Amino acid sequence: MIDHSTPTAATTAAAAIHRLSGIPADDIQVEIDPGIADGFRVHAADGRLHVAASGAGAAVAGYAAFARRTGVAHVSRFGTRPVDRALPADVVVDRRARLDLRVAYNLTVPGYTTPYFDWPQWEAELDLLAAGGINAAHVTLGQELVYLETFTRFGYSEEEILRWLGPPSHQPWLWLNSIHSFGEGTTRALVDKRAALARRVLRRMRELDITPILPGFSGSVPPEFGERNDGAHVVPQGLWFMDLAGPQRPDWLDSTSGAYAAVAERFYAAQRSAFGTYGMWAVDLLHEGGKTGGVDLAEAARGVQRAMTAADPGSTWVMQAWIGNPRRELLEAVDLSRVLVLDLTGDAADADGGFLGAKWALGILPNYGGRTVLYGDLATVAATPGRWTPDAGPAPAGLTNMAEGVANNPVLWDLFSDLAWADGEIHIGRWLDEWTTARYGTADEHARAAWTTLAGTAYAAWRQDGAGSTPVESQQAMAGNTVDAADPARGLVPAAVDPAGSSADAFTMPYSSTDSVIAAVPSMRANQSSMVGPRALPYPENALIPALRQLLAAADSVHTKGFEYDLVDVARQVADDVARAALRAVAEAAEAKDLGAYDRGTAAFLELIDAQETLLGTNEHFLLGRWLDDARAWGSTQDEGRYLAEEAKRLLTSWGYEDSTFLIDYANRGWAGLVGDYYRRRWSTWLTQVRKALTGEATTPVDWYRFTDDWIRSATPYPSRPHGDPRAAAAAVLAIAERLT
């Protein structure tokens, strides 16, 4: 714990505020005041910023709140704007936290967003967490060292464990007990470099009052653990997803056994030696369909908690409420005073009447796979404080944003973070006035009008009644089969035929978004790229065009980074939405066997993809090349850098290897390089095959997994720096969109 009476906390906070604000260090006065209970008081005087706060993290949050309240600056993902005018001396921002815990990160974020962050990226990320009031966060970075140090004591060579661990992009799913031995594994050099960075990240987290939640020992063990350790009871776990699909899960070591206790003791000792102990461990038993193999679940839970208690008597077990877990018998078996349940979607507490008295955090899960899509129910989030009124049932102890990837939707992140300080329901109209003014540096009427449209469309209700069928081509690709445009059972059917099996409702995660058809497995009926989510837009395909027009009208007078990001992001979404209408025109022409209309429709569809590619290339946050450069930079050799970049590409496309085809496009992105190369080539290939089918020429069945794997292994370079004019590119998207709808 940090001693807030020392200058260290004030110095740490002032340094973070300087990085975020650009205010000279001598003009930032931070006082750590023990009399302030989890909050801050901020004002300006004589041109200096004065912050009094309960701790370093609260001080940074105080600056962010003052910046937005006054409009002198803004702190936000993809839009931090430094102070660009005199600090007003007539505003005091004084707030206290309404909830004790503010937790960040789904355990998948280290795969979908941060697997290849370096220190400057982590430093900026931790500044954002502190500014958002976060005081606890999951950390898996570097933790593979703990597995390595543990299992080499139980009959395994270092090489075997390095192979079992997998590359950084996919390691989160080993911690979640879902996969193992992915790709070519990892290397000792990479493990050591990541551990060194993790120590630096953990140290800064402590300085900013953000408690690390480290992965605990759930019982996952390498293959043949029972054969190599006499008497160990190991339960095979089958396939990842409910034992129905996906890679093989790691075996589970019975946590009621002495063997589990011995491994857990070594695990926690290795973790403490390498990284320290912070009192919070994340463990999920039976995550997404795990099997007990006849082991009593209550006893298994007690075994896990005993091991944690032995390592740290004051520890807290952090578990996720997700797909039926934690089960009631588990909660009944353990000491609930040392349990924190993260209700990932905010629904489980209501459904189950709470968690038998355990502390819990109310969550949202607004993003799957790190996908780029505008999404988030702003009105519902703004009304959330009504959930902790005396007559609303069991009150949460905290909040948790459990988005699977966080490189998206800054407006939702900021609004949800503000709940920590809210006295009551947030008036969303006034909140958007303040947010847009601070983000854009001016109260521009056109920009604000755009957000009125966005709040009523893309950022409206979480759930929708509309659904659609899963195209047969998608089903076949997910099954790992080839698809032939001339085969009525699998490919294009010129007449409006719905092949058997394709009419089943799409599997939908809790309030998931509808995503891009540009990124979808090609089909005349394409309606969603990933396997989850509703396969129909919740608003008309042209509904965001007015928002894009308004942002372009503001573009002559607004020039902040946040505005440029939002302009590109909205134009990207317009292209995604209008692609549905463009594809429908192609399908109608194919059904009518009108080759002229088919060729014109195909050209228009590909033109829209090209325009989106040009648009995305104008902003640093939408570049595949940047993602790949980050991955390559971690390689100690050229070959290792190539391998890491390939697995980074794999995560976004096929996700995994041939045993993971059901996850195709789960982590799709609207990024330059992916759109203009991979997605466009995929569509061009398919549309050519469809045309052959229409003219009676011989077609070639397409194996989409092989197509993707070839692309992953290719050495095509992609720009990692933006180029071009975002305003001109957005205007080009608008012109095409208006023509096609």
Side-chain angles (χ1 to χ4, degrees), residues 39-44 61-81 83-85 87-99 102 128 131-133 362 364 366 374-389 392 399 401 409-462 544 546-547 550-551 553-554 557-558 560 562-563 565-566 569-570:
F40 49 79
R41 184 175 60 255
V42 188
H43 72 284
Y63 161 71
F66 179 84
R68 188 179 330 142
R69 174 70 180 82
T70 61
V72 300
H74 186 58
V75 180
S76 181
R77 294 184 181 280
F78 324 121
T80 292
R81 178 172 68 85
V83 172
D84 61 1
R85 64 199 72 174
L87 299 175
D90 58 346
V91 178
V92 177
V93 177
D94 193 338
R95 295 179 185 170
R96 301 295 177 271
R98 303 302 171 184
L99 295 168
R102 285 89 65 187
L128 285 175
L362 185 148
I364 56 172
L374 300 184
Y375 183 66
D377 190 339
L378 299 185
T380 294
V381 171
T384 300
R387 295 281 299 270
W388 50 82
T389 57
L399 298 166
N401 186 331
N409 293 304
V411 65
L412 183 64
W413 178 274
D414 292 348
L415 177 61
F416 190 74
S417 295
D418 278 4
L419 297 178
W421 322 103
D423 291 324
E425 294 188 12
I426 295 172
H427 187 284
I428 192 60
R430 288 195 293 268
W431 188 91
L432 280 171
D433 287 342
E434 183 177 283
W435 188 82
T436 53
T437 298
R439 187 169 175 84
Y440 301 153
T442 183
D444 186 274
E445 62 178 341
H446 295 294
R448 185 62 185 85
W451 277 96
T452 297
T453 296
L454 293 170
T457 50
Y459 290 106
W462 290 122
L544 301 192
Q550 292 285 4
L551 289 177
S557 56
V558 183
T560 67
F563 177 81
Y565 176 90
D566 294 344
D569 204 19
V570 171

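Just so it is clear, the model here is predicted, and its values are computed rather than measured.
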Not counting sequence neighbours, which residues clear salt bridge (Lys or Arg N to Asp or Glu O under 4.0 Å) with R96? List them please. D94
Just jot down the salt bridge (Lys or Arg N to Asp or Glu O under 4.0 Å) partners of D90, sequence neighbours excluded, or say none. none
Heavy-atom check, side chain of T453 versus side chain of Q550, under 4.5 Å: no
How about L419 and P385: do any of their side-chain heavy atoms sit closer than 4.5 Å? yes
Could you check whether any side-chain N or O of R85 sits under 3.5 Å from a backbone N or O of G441, counting only pairs where one atom can act as donor and the other as acceptor? yes
Quick one: list whatever passes ring-ring contact (aromatic ring centres under 6.0 Å, His included) with Y375, sequence neighbours left out. W462
Output for pair (F40 CZ, F66 CZ), nearest 0.5 Å, gives 11.5 Å
Nearest atoms (heavy-atom pairs only) where A438 meets A67: CB-O, 4.5 Å
Taking only residues two or more places apart in sequence or in another chain, which ones pass side chain to side chain donor-acceptor pair (under 3.5 Å) with Y565? none
Among residues at least two apart in sequence or on other chains, which ones pass salt bridge (Lys or Arg N to Asp or Glu O under 4.0 Å) with D377? none
Which residues share a ring-ring contact (aromatic ring centres under 6.0 Å, His included) with Y440, sequence neighbours left out: F563
Minimum heavy-atom separation for D414 and V75, please, with both atom names. OD2-O, 4.2 Å
For R95, what residues pass the salt bridge (Lys or Arg N to Asp or Glu O under 4.0 Å) criterion, not counting sequence neighbours? none
Nearest-0.5 Å distance, CD1 of residue I364 to CG of residue N401: 4.0 Å
A side-chain contact here means heavy atoms from C-beta on lying under 4.5 Å apart; do H43 and V93 qualify? no
Partner residues of Y63 under the ring-ring contact (aromatic ring centres under 6.0 Å, His included) criterion, sequence neighbours left out: none
May I have all residue pairs that pass salt bridge (Lys or Arg N to Asp or Glu O under 4.0 Å) and include part of residues 436-458, sequence neighbours excluded? D433-R448, R439-D566
I want to check something: taking the side chain as every heavy atom from C-beta on, are V92 and V42 in contact at a cut-off of under 4.5 Å? no
Run I426 and V381 through side-chain contact (heavy atoms from CB on, under 4.5 Å) and show every step you take. CA-CA 9 Å; I426 295 172; V381 171; over 6 Å; no
Show every side-chain hydrogen bond (donor to acceptor under 3.5 Å, both in side chains) that has at least one partner inside residues 422-431, sequence neighbours left out. R98-D423, D418-W431
Closest heavy-atom pair and its distance - L87, A44: CB-CB, 3.6 Å
For the residue pair W421 and L99, establish whether any side-chain heavy-atom pair is separated by less than 4.5 Å. no
Taking all non-hydrogen atoms of both residues, which atom of A450 and which atom of A547 are closest, and how far apart? CB-O, 3.4 Å
Please report the interatomic distance CG(L412) to CZ(R77), rounded to the nearest 0.5 Å. 11.0 Å
Correct closest heavy-atom pair for V72 and R81 would be O-NH1, 3.4 Å
Is there a side-chain contact between L374 and L454 (heavy atoms, below 4.5 Å)? yes
Test item: T80 and H74 side chains (from C-beta on) under 4.5 Å apart, heavy atoms: no
Identify, with sequence neighbours excluded, every residue that meets side chain to side chain donor-acceptor pair (under 3.5 Å) alongside N409. Y459
Listed partners of W413 passing ring-ring contact (aromatic ring centres under 6.0 Å, His included), at least two apart: none
Taken to the nearest 0.5 Å, the spacing of R102 CZ from L399 CG works out to 8.5 Å
Flag the pair V411 / L432 as yes when at least one side-chain heavy-atom distance between them is below 4.5 Å, and no otherwise. yes
